**Student:** 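Please see the structure below; I have some questions.
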Amino acid sequence: MIDRFENALVAVNRWVLILLLAAMSVIVFANVVLRYTTNDSIVWAEEVARHLMIWGTFLGAGLVLRFGGHVAIDNLHQAVPTPLARVLRALVVLLIAGFCVSMTYFSIVYTSVMRFQTTPATGISFAWIYSALPAGFILMLVHLAFLVRRYVIDGRFHESPEMDAEAAASL
């Protein structure tokens with residue numbers, strides 16, 4: 001049951017990111033084409049594309065964490081004996097979880113403060129844009145929970161045929 005939930009979460013998370021990126025690409029492309037063909041641009045295009053990028057960044061951070069794609073310095077836990085390495089990795093997980101929890105709290109506070117301010121072009125509340133932060137940090141915590149056992153015990157992340165975090169980090 002948990003495996004099915006995890007697989008569904010990853011699939012939904014990926015498809016939401018794909019749709020956000022596709023929408024952002026279409027909006028930016030259409031705006032560029034209109035700007036150069038009609039000498040007029042879509043007033044809201046840059047703003048909406050920026051907001052989609054913000055949502056994509058925070059919703060994608062959990063998937064990147066899941067596959068080990070975030071910047072990390074792992075020399076120390078590779079150089080020490082296995083029991084100490086596990087303790088270090090557990091400490092890293094606790095620090096990441098603490099950071100995510102605190103950022104979730106503070107981003108909820110910030111989002112509630114921004115609810116009365118509206119965006120210039122579309123006129124929507126900034127709370128809708130800034131709600132990407134608590135959503136992203138909560139999602140990151142969920143991905144961390146699925147990852148924690150494997151990471152602490154073996155120092156491994158989830159593998160995916162679509163993403164090689166080591167190869168991406170070496171670019």
Side-chain angles (χ1 to χ4, degrees), residues 2-25 27-28 46-112 114 126-171:
I2 292 177
D3 286 339
R4 285 194 331 200
F5 173 74
E6 182 180 7
N7 292 337
L9 175 73
V10 170
V12 168
N13 199 174
R14 284 181 178 182
W15 276 106
V16 167
L17 290 172
I18 289 167
L19 293 174
L20 286 174
L21 184 60
M24 186 174 64
S25 300
I27 290 169
V28 170
E46 181 184 345
E47 184 177 289
V48 171
R50 185 180 329 117
H51 299 158
L52 291 172
M53 185 182 299
I54 290 168
W55 270 93
T57 299
F58 283 98
L59 294 182
L63 280 177
V64 174
L65 175 70
R66 170 186 204 77
F67 297 113
H70 285 290
V71 174
I73 301 171
D74 58 359
N75 295 353
L76 182 58
H77 79 86
Q78 291 177 352
V80 297
T82 302
L84 183 56
R86 288 181 179 152
V87 170
L88 288 173
R89 288 191 294 264
L91 180 63
V92 166
V93 167
L94 288 175
L95 288 171
I96 291 171
F99 176 75
C100 288
V101 168
S102 66
M103 287 304 296
T104 299
Y105 171 76
F106 287 113
S107 62
I108 288 170
V109 170
Y110 189 68
T111 300
S112 70
M114 297 301 290
F126 270 106
W128 289 106
I129 291 100
Y130 288 123
S131 60
L133 281 79
F137 284 113
I138 289 169
L139 195 56
M140 204 175 201
L141 272 170
V142 172
H143 283 293
L144 182 65
F146 286 125
L147 165 74
V148 67
R149 184 180 177 133
R150 176 184 288 182
Y151 177 70
V152 171
I153 292 173
D154 299 330
R156 293 183 308 124
F157 294 95
H158 288 277
E159 285 115 25
S160 171
E162 293 115 19
M163 179 179 172
D164 183 4
E166 291 293 324
S170 67
L171 293 177

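This structure is a prediction, so every number in the text was calculated from the model and none was measured.
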**Student:** Determine whether a donor-acceptor pair (N or O, by modelled atom type, separation under 3.5 Å) exists between the side chain of R156 and the backbone of R150.
**Tutor:** no
**Student:** Distance from L84 atom CG to H77 atom NE2, nearest 0.5 Å?
**Tutor:** 11.0 Å
**Student:** Rounded to the nearest 0.5 Å, what separates atom CE in M140 from atom CG in L147?
**Tutor:**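 CG of L147 is found 10.5 Å from CE of M140.
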**Student:** Using every non-hydrogen atom in the two residues, find where V28 and A49 come nearest and quote the distance to one decimal.
**Tutor:**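 Answer, listing the atom of V28 first, then A49: CG2-CB, 3.7 Å.
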**Student:** Which heavy atom of F146 sits nearest to which heavy atom of F5, and what is that distance?
**Tutor:** CZ-CD2, 3.5 Å
**Student:** Rounded to the nearest 0.5 Å, what separation is found between the CG atom of L91 and the CD1 atom of I96?
**Tutor:** 10.0 Å
**Student:** Would the distance check show the side chain of N13 and the main-chain N or O of G60 forming a donor-acceptor pair, the cut-off being under 3.5 Å?
**Tutor:** no
**Student:** Tell me, with the steps shown, if L52 and I27 meet side chain to side chain contact (heavy atoms under 4.5 Å, CB included).
**Tutor:** CA-CA 10 Å; L52 291 172; I27 290 169; 4.0 Å; yes
**Student:** Is F106 close to F137 at the side-chain level, that is, under 4.5 Å between some pair of heavy atoms?
**Tutor:** no
**Student:** I'd like to know if the side chain of T111 and the backbone of Y130 have a donor-acceptor N/O pair within less than 3.5 Å.
**Tutor:**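 It does hold such a pair.
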**Student:** Between A132 and I54, what is the shortest heavy-atom contact and its length?
**Tutor:**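 Heavy atoms of A132 and I54 come nearest at CB-CG2, 4.2 Å.
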**Student:** In Å, rounded to the nearest 0.5 Å, how long is the span from CD1 of I138 to NE2 of H143?
**Tutor:**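 Spacing of CD1 (I138) from NE2 (H143) equals 12.5 Å.
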**Student:** Verify the neighbour count for atom CG of L95: are there more than 12 heavy atoms of other residues, nucleotides or ligands below 6.0 Å?
**Tutor:** yes
**Student:** Looking at CG of L20 and OG of S25, how far apart are the two atoms once the value is rounded to the nearest 0.5 Å?
**Tutor:**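 It is 10.5 Å, given to the nearest 0.5 Å.
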**Student:** Identify the residue among V16, L9, V10 that makes a side-chain contact (heavy atoms from CB on, under 4.5 Å) with V12.
**Tutor:** V16
**Student:** Looking at E159 and R66, is there a salt bridge between them, counting it only when a charged N and a carboxylate O are closer than 4.0 Å?
**Tutor:**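 Judged by the 4.0 Å cut-off on N to carboxylate O distance, R66 and E159 do not form a salt bridge.
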**Student:** Return the minimal non-hydrogen interatomic distance between V92 and Y151, and the atom names on each side.
**Tutor:** CG1-OH, 4.2 Å
**Student:** Heavy-atom distance under 4.5 Å between the side chains of F58 and P134, does that happen here?
**Tutor:** no
**Student:** For atom CE of M53, decide whether the heavy atoms of other residues, nucleotides or ligands shown that lie under 6.0 angstrom number more than 12.
**Tutor:** no
**Student:** One pair to check against side chain to side chain contact (heavy atoms under 4.5 Å, CB included): E6 and D3. What are the steps and the verdict?
**Tutor:** CA-CA 5 Å; E6 182 180 7; D3 286 339; 4.0 Å; yes
**Student:** Looking at R86 and V152, what are the two nearest heavy atoms and their distance?
**Tutor:** CG-O, 3.2 Å
**Student:** Determine, step by step, whether V48 and M24 satisfy the side chain to side chain contact (heavy atoms under 4.5 Å, CB included) criterion, reporting the C-alpha distance in whole Å, the side-chain angles of both residues, the deciding distance to 0.1 Å, and the verdict.
**Tutor:** CA-CA 8 Å; V48 171; M24 186 174 64; over 6 Å; no
**Student:** Considering only heavy atoms from C-beta outward, does the side chain of V80 approach that of V87 to under 4.5 Å?
**Tutor:**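 SC-SC contact between V80 and V87 ruled out.
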**Student:** Measure across L144 and V93 and return the closest heavy-atom pair with its distance rounded to 0.1 Å.
**Tutor:** CD2-O, 3.9 Å
**Student:** Roughly how far, to the nearest 0.5 Å, is the CG atom of L141 from the CZ atom of F99?
**Tutor:** 10.5 Å
**Student:** Between H70 (side chain only) and A61 (backbone N and O only), is there a donor and an acceptor less than 3.5 Å apart?
**Tutor:**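 Flag set: sc H70 to bb A61 pair under 3.5 Å.
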**Student:** Is any side-chain heavy atom of Y110 closer than 4.5 Å to one of L133?
**Tutor:** no
**Student:** Over 60° means perpendicular and under 30° means parallel, so classify the ring planes of F126 and H51, tilted if in between.
**Tutor:**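 Because their plane-to-plane angle is over 60°, the rings of H51 and F126 count as perpendicular.
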